[in-house]
Student: 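Before anything else, here's the structure in question.
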Amino acid sequence: MRGLVASETSRHSPPESPAPRPALRTWRDERHLMHPKSQQHAAIASAYDQLADRWRDGTFNPDDGVEQFRRALRFLGEGEGWALNVGCGCNTRFNALLRARELRLEGVDISQRMIAMARRADPAVLLQHADVCAWRAQRGYRFIAAWDSIWHVDLGQQRALMLKLMQALEPGGVFLFTAGGLDAEGSHVDSSMGVEVSYSTLGVPGLLAVVKQAGCVCRHLEFDQYPLKHLVVIVQRSAAIAA
């Protein structure tokens, strides 16, 4: 999972127009755990297995998303804990920022090749090869990031996934994610990276509604690549704010 289409250093493009969603099917991964993965998610895993080298070949912009991570971490209080990177990929550019805040690192990615490359790049990270929609949190997190990743999730599963991630935040925890910044929900398919990749978004109103439903507060919302529809959102679990 992960980028953006307008530059060679980005990983995907945000949604443009709605499209019918594929039916869900059940499959078994290599660890023999049942994962309800859609055909769309299987295609994403295959696509990023093929594209993984783009993030390690020296042409990828090492500053992509770094300033947004710094901004999100400013909302986080002091203390140790865990950080989860959803759609972590094989690039480790965020790891030093997270460790500087005394965070232990965990990553999950649907691409087996991305995970294998990530293990070689930073063996200290706890990594899991899984569909994040089927993955279950084993702990609470002080920080969760989904940079250019969850917009590949089937539109019908995005709301439930976002709720699950925000509910995994510890009190005062921060969630940084990117999405397609449309006025309404939508989906589209793009092949500008040489492999067909699908994108979906709940749209700005839908995203803010699910943030409210999760009991979180929006701290920052930005079109960081305007006029592209690349939306950056930082939210914080509000239960800790009142504490």
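Keep in mind the model is a prediction, meaning the values are calculated, not measured.
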Student: Would you say the side-chain atoms of His152 pair up with the backbone N or O of Val197, donor to acceptor, closer than 3.5 Å?
Tutor: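 The answer is no, because no donor-acceptor pair under 3.5 Å joins these two groups.
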Student: Please find the pair of heavy atoms, one from Pro62 and one from Val66, that lie closest to each other, and give the distance.
Tutor: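 Looking at all heavy atoms of both residues, the closest pair is O-CG2, 3.5 Å.
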Student: Quick one: pull up CH2 in Trp135 and CG in Leu84 and give me the separation to the nearest 0.5 Å.
Tutor: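 Reported to 0.5 Å precision, the distance equals 4.5 Å.
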Student: Could you tell me the separation between the CD atom of Gln128 and the SG atom of Cys88, rounded to the nearest 0.5 Å?
Tutor: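 If we round to the nearest 0.5 Å, Gln128:CD and Cys88:SG are 9.5 Å apart.
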Student: Using the ring pair (Phe, Tyr, Trp, His ring centres under 6.0 Å) criterion, which residues pair with Tyr141? Sequence neighbours excluded.
Tutor: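 In terms of ring pair (Phe, Tyr, Trp, His ring centres under 6.0 Å), with neighbours along the sequence ignored, Tyr141 is linked to no residue.
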Student: Looking at residues at least two apart in the chain, or sitting in another chain, which of them share a salt bridge (Lys or Arg N to Asp or Glu O under 4.0 Å) with Arg70?
Tutor: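 Only Glu67 meet the salt bridge (Lys or Arg N to Asp or Glu O under 4.0 Å) criterion with Arg70.
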Student: Calculate, to the nearest 0.5 Å, the distance between atoms CD and CD1 belonging to Gln158 and Ile150 respectively.
Tutor: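 Those atoms lie 6.5 Å apart.
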Student: Apply side chain to side chain donor-acceptor pair (under 3.5 Å) to Arg119 and list each qualifying residue two or more places apart in sequence or on a separate chain.
Tutor: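 If we apply the side chain to side chain donor-acceptor pair (under 3.5 Å) test to Arg119, skipping adjacent residues, there are no hits.
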Student: Sequence neighbours excluded, which residues qualify as side-chain contact (heavy atoms from CB on, under 4.5 Å) partners of Asp224?
Tutor: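 If we apply the side-chain contact (heavy atoms from CB on, under 4.5 Å) test to Asp224, skipping adjacent residues, the hits are Gln68, Trp147, Glu222, His230, Val232.
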Student: Take the angle between the ring planes of Tyr199 and His188 and call it parallel below 30°, perpendicular above 60°, tilted in between.
Tutor: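 It falls in the parallel class, under 30°.
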Student: Minimum heavy-atom separation for Ala47 and Val195, please, with both atom names.
Tutor: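 In terms of heavy atoms, the two residues are closest at CB-CG1, 3.5 Å.
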Student: Among residues at least two apart in sequence or on other chains, which ones pass salt bridge (Lys or Arg N to Asp or Glu O under 4.0 Å) with Arg159?
Tutor: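 Per chain and number, Arg159 pairs via salt bridge (Lys or Arg N to Asp or Glu O under 4.0 Å) with no residue.
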Student: Quick check: do Leu176 and Ile234 have side-chain heavy atoms less than 4.5 Å from each other?
Tutor: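 Yes. Closest side-chain heavy atoms under 4.5 Å.
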Student: Residues in side-chain contact (heavy atoms from CB on, under 4.5 Å) with Ala121, at least two apart?
Tutor: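 Ala121 satisfies side-chain contact (heavy atoms from CB on, under 4.5 Å) with Arg56, Thr92 once adjacent residues are dropped.
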Student: Same cluster or not: Val189 versus Leu182, using hydrophobic residues (I, L, V, M, F, W, Y) connected whenever any side-chain heavy atoms lie under 4.5 Å apart?
Tutor: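 No, it is not one cluster - the side chains of Val189 and Leu182 are not joined through contacts under 4.5 Å.
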Student: With the side chain counted from C-beta on, respond yes when Asp53 and Leu51 share a heavy-atom pair under 4.5 Å apart, and no when they do not.
Tutor: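 No, every pair of side-chain atoms sits at 4.5 Å or beyond.
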Student: Please find the pair of heavy atoms, one from Gln157 and one from Cys133, that lie closest to each other, and give the distance.
Tutor: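 Shortest heavy-atom separation between Gln157 and Cys133 comes out as NE2-CB, 3.7 Å.
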Student: Are Leu126 and Trp82 side-chain neighbours, meaning at least one heavy-atom pair lies under 4.5 Å?
Tutor: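 In contact.
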Student: Strictly by salt bridge (charged side-chain N to carboxylate O under 4.0 Å, His left out), give each pair with a member in residues 77-90 just once, sequence neighbours left out.
Tutor: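 Listed by first then second residue: Glu78-Arg101.
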Student: How far apart are the closest heavy atoms of Gly172 and Leu76, and which atoms are they?
Tutor: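 Between these two residues, the closest heavy atoms are O-CD1, 4.0 Å.
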Student: Sequence neighbours left out, what pairs pass salt bridge (charged side-chain N to carboxylate O under 4.0 Å, His left out) with at least one residue falling in residues 191-212?
Tutor: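 As it turns out, there is no salt bridge (charged side-chain N to carboxylate O under 4.0 Å, His left out) pair with a partner in residues 191-212 once direct neighbours are skipped.
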Student: Atom CZ of Phe177 and atom CG of Leu161: how far apart are they, to the nearest 0.5 Å?
Tutor: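 The distance works out to 10.5 Å.
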Student: If you apply the rule side chain to side chain contact (heavy atoms under 4.5 Å, CB included), what do you find for Ile115 with Gln112, and how did you get there?
Tutor: CA-CA 5 Å; Ile115 287 292; Gln112 185 173 20; 5.9 Å; no
Student: Is Arg139 salt-bridged to Glu170, cutoff N-O under 4.0 Å?
Tutor: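 Judged by the 4.0 Å cut-off on N to carboxylate O distance, Arg139 and Glu170 do not form a salt bridge.
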Student: If you measure from the Lys or Arg side-chain nitrogens to the Asp or Glu carboxylate oxygens, is any gap between Arg93 and Asp64 under 4.0 Å?
Tutor: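 Salt bridge: yes.
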Student: What is the minimum heavy-atom distance between Phe175 and Ala146, and which atoms define it?
Tutor: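 So the two residues come closest at CE1-CB, 4.1 Å.
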Student: Heavy-atom distance under 4.5 Å between the side chains of Ile44 and Ser198, does that happen here?
Tutor: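 Heavy-atom side-chain distance check passes, below 4.5 Å.
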Student: My understanding is that only residues two or more places apart in sequence, or in another chain, count here; which of them pass side chain to side chain donor-acceptor pair (under 3.5 Å) with Asn85?
Tutor: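 Counting only residues at least two positions away or on another chain, Asn85 forms no side chain to side chain donor-acceptor pair (under 3.5 Å).
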Student: Hey, are the side chains of His41 and Val153 touching, using non-hydrogen atoms and a 4.5 Å cut-off?
Tutor: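 Yes, at least one pair of side-chain atoms sits under 4.5 Å.
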Student: Begin from the C-alpha positions of Arg142 and Val174 and carry the test side chain to side chain contact (heavy atoms under 4.5 Å, CB included) through to its verdict.
Tutor: CA-CA 6 Å; Arg142 296 195 65 231; Val174 173; over 6 Å; no
Student: Who passes side-chain contact (heavy atoms from CB on, under 4.5 Å) against Ala124, sequence neighbours left out?
Tutor: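 Partners of Ala124 by the side-chain contact (heavy atoms from CB on, under 4.5 Å) criterion, ordered by chain and then number, come out as Arg99, Asp122.
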Student: Evaluate the side chain to side chain contact (heavy atoms under 4.5 Å, CB included) criterion for residues Ile144 and Leu169: first the C-alpha distance (whole Å), next the side-chain angles of each, then the deciding distance (0.1 Å), finally the verdict.
Tutor: CA-CA 7 Å; Ile144 298 176; Leu169 289 170; 3.8 Å; yes
Student: Nearest 0.5 Å, please: how far is CZ in Arg237 from SG in Cys216?
Tutor: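 With rounding to 0.5 Å, SG (Cys216) is 7.5 Å from CZ (Arg237).
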Student: Hey, mind stepping through Phe75 and His220 against ring pair (Phe, Tyr, Trp, His ring centres under 6.0 Å) and telling me if it holds?
Tutor: CA-CA 10 Å; Phe75 292 100; His220 181 83; 7.5 Å; no
Student: Can you measure from CZ (Arg104) to CD (Glu102) and round to the nearest 0.5 angstrom?
Tutor: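 These two atoms lie 10.5 Å from each other.
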Student: If the condition is side-chain contact (heavy atoms from CB on, under 4.5 Å), which residues does Ala83 pass it with, not counting sequence neighbours?
Tutor: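 Partners of Ala83 under the side-chain contact (heavy atoms from CB on, under 4.5 Å) test: Leu98, Leu103, Leu105, Phe143.
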Student: Specify the closest pair of heavy atoms between Val108 and Ala130, including all atoms of both residues, with the distance to one decimal.
Tutor: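 Closest heavy-atom pair between Val108 and Ala130: CG2-O, 3.8 Å.
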Student: Apply the side chain to side chain contact (heavy atoms under 4.5 Å, CB included) test between Leu231 and each candidate in Thr178, Thr201, Leu221; give the one that qualifies.
Tutor: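 Result: among Thr178, Thr201, Leu221, Leu221 is the only option passing the side chain to side chain contact (heavy atoms under 4.5 Å, CB included) with Leu231.
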Student: Are Met117 and Met193 in one and the same hydrophobic cluster, where Ile, Leu, Val, Met, Phe, Trp and Tyr link if side-chain heavy atoms are under 4.5 Å apart?
Tutor: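 No, Met117 and Met193 fall in different hydrophobic clusters.
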Student: Pair Met162, Leu202 - check side chain to side chain contact (heavy atoms under 4.5 Å, CB included), show working.
Tutor: CA-CA 11 Å; Met162 292 187 65; Leu202 295 173; 4.1 Å; yes
